Amino acid sequence: MLDIKLIRKHYEKVRKRIATRGEEYAKLVDRVYELDRRKRELQKEVENLRALLNRKSKEYGRLKREGKEDETLKGELAKIKETLKGLEEELKRVEEELNDLLLRIPNLPHPSVPVGEDENDNVEVRRWGEPPKFDFEPKPHWELGERLGILDFERGAKLSGSRFVVKRGLGARLVRALINFMLDLHGERGYVEMYVPHLVKPEILVGTGQLPKFEEDLFKCERDNLYLIPTAEVPLTNLHREEILKEEDLPIYYTAYTPCYRREAGSYGRDIKGLIRLHQFDKVELVKITKPEDSYEELEKLVADAERVLQELELPYRVVELCTGDLGFSAAKTYDLEVWMPSYNRYREISSCSNCEDFQARRMKLRYKSKEGKNILCHTLNGSGLAVGRTLAAILENYQQEDGSVVIPKALRPYLGGIEVIKPQK
RNA sequence: GGAGGGGUGGCCGAGCGGACGAAGGCGCGGCGCUGGAAACGCCGUGUGCCCGAUUUCCGGGCACCGAGGGUUCGAAUCCCUCCCCCUCCGCCA
């Protein structure tokens, strides 16, 4: 949520910058600006009337205790109350609309974020590693996985429909190994490992920005009014919602493995095959809660921590900075990590690391008390470290051999009882 | 699923129609005591919004005792609805 005072004070500037994410948002800013003016007007009237009512009411009480009933005063009070009622109702309507709209305006991009329309305008920051050269035609990971007997898309569909997969034998073990490997790695860097609920209340999703705007992307358990988390960012970031943290507690680093559940509405044709886009996938997430002045330095470190996973696994990747048009709803600045995928012959997203500044903190009233005794909104950051399914896909494709076998990255072998290679069945 | 208990400030906890934004304690900050500290003593210390003079410091107002509604001149306090938490029993990994 944007600071309404910022819109009030720097209306033109905010409007212009928000428009770089899409023209439709500028209209929301306009409406909010107007509603805020109206709100304050009404609020002034209402509060003045209430002050009057409070004063007269006290006087009435005083008189009554002295045994003097004042019918004129009583009538006056009733009259004020009636005027108040009408104004209060209007104020409430205005406030509700204002609040709802404010929750639907995305975060303001950081000044350093390049202006652009979509992913084609993202800016490559650096590359690491060399894409492998094959003297044969590299196969896509779903073919490799099926031949190795570790991925079973058919039975995934039998159980749950399209975009679900079953992992078998070493496939299942590989997932477990990757999760443990990633969590251990992040633990070394000071992230506290957490295990969190996968079902959360609606207000939790409002806190991180998935609601109210992106309801259709979520799986909902209607009768219990709970949602399946689309990422561990949601429970992790909300852990300290409505708290006032101590300054010395910051920064806070959390990591957690969770499955992630996404309806993927509106992505019907895309990535039908393989592990790239599923309704349920595994992810190890990184979350930071920091002081405002530290958040951008912390973002760079967060990206480095996510990169480290790819480096340890020796998977070639690049880092791109998202442009304004490609930025997620809550993010002020985002770096994506894209891993090399031979069958696509291009880099594909495997991690997204964002600084949300105080956008989420304002929604969830997450603050800390400064040394001067002021309550200051924290900054929140999150990043994948990494998406497990996509990592598995990248390993299969980058480490494949001509005979269809796949070499296990060295760093992962201790987690798989020393296995060095997975061979096709029969 | 059944039966009870409860949600009050950073935390614990009292209040159960007006003088209550709320006792007391803890914590935190300041001052005193001390060679220094602990203990002790004194003082201060909730959040949000609006308005005004003022860019910091300030003054005024309004709201907030889980959420929403009602009764009343007046609600933390009484009534209704909802949410959440806890305890016991049952069931269960």
Side-chain angles (χ1 to χ4, degrees), chain A residues 1-10 32-103 195 197-207 211-212 220-227 235 238-250 252 289 291 358 361-378:
Chain A
M1 187 159 71
L2 294 184
D3 185 358
I4 184 66
K5 284 178 191 156
L6 191 76
I7 297 178
R8 207 180 284 160
K9 260 193 183 151
H10 304 287
V32 160
Y33 183 77
E34 187 47 42
L35 280 169
D36 174 56
R37 246 180 26 127
R38 180 83 186 117
K39 191 210 98 175
R40 281 182 294 147
E41 224 172 76
L42 283 165
Q43 184 173 346
K44 204 158 47 168
E45 273 185 77
V46 164
E47 285 183 358
N48 286 339
L49 272 181
R50 277 210 276 250
L52 185 68
L53 193 67
N54 287 345
R55 253 184 288 129
K56 299 222 166 189
S57 188
K58 259 189 194 134
E59 195 185 328
Y60 181 89
R62 195 174 45 79
L63 288 172
K64 193 168 181 185
R65 250 172 290 121
E66 288 167 13
K68 289 180 243 168
E69 291 273 350
D70 189 335
E71 287 306 319
T72 337
L73 187 55
K74 195 166 179 177
E76 227 177 292
L77 285 166
K79 219 170 178 177
I80 297 171
K81 280 211 297 187
E82 195 163 321
T83 323
L84 244 181
K85 209 174 156 191
L87 285 170
E88 275 173 339
E89 271 166 24
E90 197 183 343
L91 178 62
K92 200 178 159 190
R93 270 200 307 276
V94 170
E95 273 176 336
E96 271 168 12
E97 192 186 346
L98 177 65
N99 221 319
D100 180 67
L101 290 182
L102 217 43
L103 286 174
Y195 191 92
H198 300 170
L199 288 162
V200 296
K201 301 187 239 175
E203 61 264 34
I204 303 304
L205 288 148
V206 172
L211 289 179
K220 184 179 187 185
C221 302
E222 194 72 51
R223 48 184 282 172
D224 299 296
N225 200 25
L226 291 168
Y227 292 84
N238 275 283
L239 275 170
H240 298 286
R241 81 193 325 265
E242 285 155 56
E243 290 183 24
I244 299 173
L245 301 168
K246 294 192 180 114
E247 181 165 359
E248 60 265 31
D249 293 339
L250 300 177
I252 292 173
I289 301 171
K291 294 197 265 180
D358 63 12
R362 184 170 293 108
R363 286 169 165 247
M364 60 177 82
K365 297 189 179 69
L366 167 58
R367 294 164 297 179
Y368 77 95
K369 197 173 274 296
S370 74
K371 296 219 165 63
E372 299 76 42
K374 284 203 165 174
N375 296 331
I376 297 169
L377 289 169
C378 300

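Chain letters run A, B, ... following the sequence lines, proteins first and then strands; every chain starts at 1. Just so we're clear, the structure is a prediction, and the values are computed from it rather than from any experiment.
Distance check: A:Cys378 SG to A:Ile244 CD1 gives 10.0 Å after rounding to the nearest 0.5 Å.
Among the protein residues, A:Arg367 comes within range of the sugar-phosphate backbone only, with heavy atoms under 4.0 Å from sugar or phosphate atoms but none that close to a base. Note on A:Lys369: only backbone sugar-phosphate atoms sit closer than 4.0 angstrom, heavy atoms only; bases stay farther off. Here A:Asn54 lies in heavy-atom contact (under 4.0 Å) with sugar-phosphate atoms only. Across all strands shown, A:Arg37 has no heavy atoms under 4.0 Å from either base or sugar-phosphate atoms.
Residue whose closest nucleotide on RNA chain B sits further toward the 5' end, between A:Gln43 and A:Ser57: A:Gln43. If A:Lys246 and A:Gly61 are placed on RNA chain B by their nearest nucleotide, the residue sitting closer to the 5' end is A:Gly61.
Nucleotides B:A75 and B:G68, compared at atom P, are 15 Å apart to the nearest Å. Across the P atoms, B:G13 and B:C86 are found 15 Å apart, a figure rounded to whole Å. Using P as the reference atom, B:G66 and B:U45 are 24 Å apart when rounded to the nearest Å. Between B:U8 and B:A14, the two C1' atoms lie 10 Å apart (nearest whole Å). Taking atom C1' on both nucleotides, B:G21 is separated from B:A93 by 48 Å, rounded to a whole Å. Straight-line distance between the P atoms of B:A63 and B:A19: roughly 13 Å, to the nearest whole Å. Between B:C78 and B:C43, the distance separating the two P atoms is 34 Å to the nearest Å. Comparing B:G48 with B:G9, their C1' atoms are spaced 14 Å from each other, to the whole Å.
Taking atom NZ of A:Lys44 as the reference point, atom C1' of B:A63 lies 18 Å away to the nearest angstrom. Separating the CG atom of A:Leu77 from the C1' atom of B:C73 is a distance of 5 Å, rounded to the nearest angstrom. Counting to the nearest Å, the C1' atom of B:G61 and the CD atom of A:Glu45 are 15 Å from each other. Going from atom CG of A:Leu49 over to atom C1' of B:C51 covers 15 Å, rounded to whole Å. Rounding to whole angstrom units, CG of residue A:Asn225 and C1' of B:A67 are separated by 14 Å. Computed from coordinates, the A:Glu96 CD to B:G68 P distance equals 11 Å when rounded to whole Å. Protein atom NZ of A:Lys374 is 11 Å distant from nucleotide atom P of B:U47, rounded to whole Å. The CG-C1' distance, from A:Asn48 to B:A63, rounds to 14 Å in whole Å.
Side-chain contact between A:Val32 and A:Ile7: present, with at least one pair of heavy atoms (C-beta onward) separated by less than 4.5 Å. Using a 4.5 Å heavy-atom cutoff, the side chains of A:Lys369 and A:Leu245 are not in contact. In this structure the side chain of A:Lys92 never reaches within 4.5 angstrom of the side chain of A:Glu89, judged on heavy atoms.
Of the side-chain N and O atoms in A:Lys92, one or more sit less than 4.0 angstrom from OP1 or OP2 of B:G69. Between B:C49 and A:Lys5, a contact under 4.0 Å exists linking OP1 or OP2 to a side-chain N or O. Taking only side-chain nitrogens and oxygens, A:Lys81 comes nearer than 4.0 Å to OP1 or OP2 of B:G74.
The partner of B:G24 is B:C12, by the rule that a Watson-Crick or G-U pair needs both atom distances under 3.5 Å. B:G1: Watson-Crick or G-U partner is B:C89, with both key distances under 3.5 Å. The partner of B:G59, taking Watson-Crick or G-U wobble pairs whose two distances both stay under 3.5 Å, is B:C51. B:A39 is unpaired under the Watson-Crick or G-U wobble criterion, no partner having all donor-acceptor distances under 3.5 Å. Judged by Watson-Crick or G-U wobble contacts below 3.5 Å, the nucleotide B:G17 has no partner. When both pairing distances are held under 3.5 Å, B:C82 makes a Watson-Crick or G-U pair with B:G66.
The side chain of A:Lys201 approaches B:C84 more closely than any other nucleotide in the set B:C49, B:C84, B:C57. Comparing B:A63, B:C50, B:U47 by their nearest atom to the side chain of A:Arg50 picks out B:A63. Relative to the side chain of A:Lys39, the nucleotides B:C49, B:G48, B:G74 differ in distance, and B:C49 lies closest.
The backbone N or O of A:Asn375 sits nowhere less than 3.5 Å from a side-chain atom of A:Arg367 that would complete a donor-acceptor pair. No donor-acceptor pair under 3.5 Å is formed between the side chain of A:Asp358 and the backbone N or O of A:Leu377.
With A:Arg38 as the fixed residue, the salt bridge (charged side-chain N to carboxylate O under 4.0 Å, His left out) test singles out one of A:Glu95, A:Glu90, A:Glu97: A:Glu90.
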CA sep, side-chain torsions, deciding dist, call: A:Glu34, A:Arg37, salt bridge (Lys or Arg N to Asp or Glu O under 4.0 Å): CA-CA 5 Å; A:Glu34 187 47 42; A:Arg37 246 180 26 127; 3.1 Å; yes
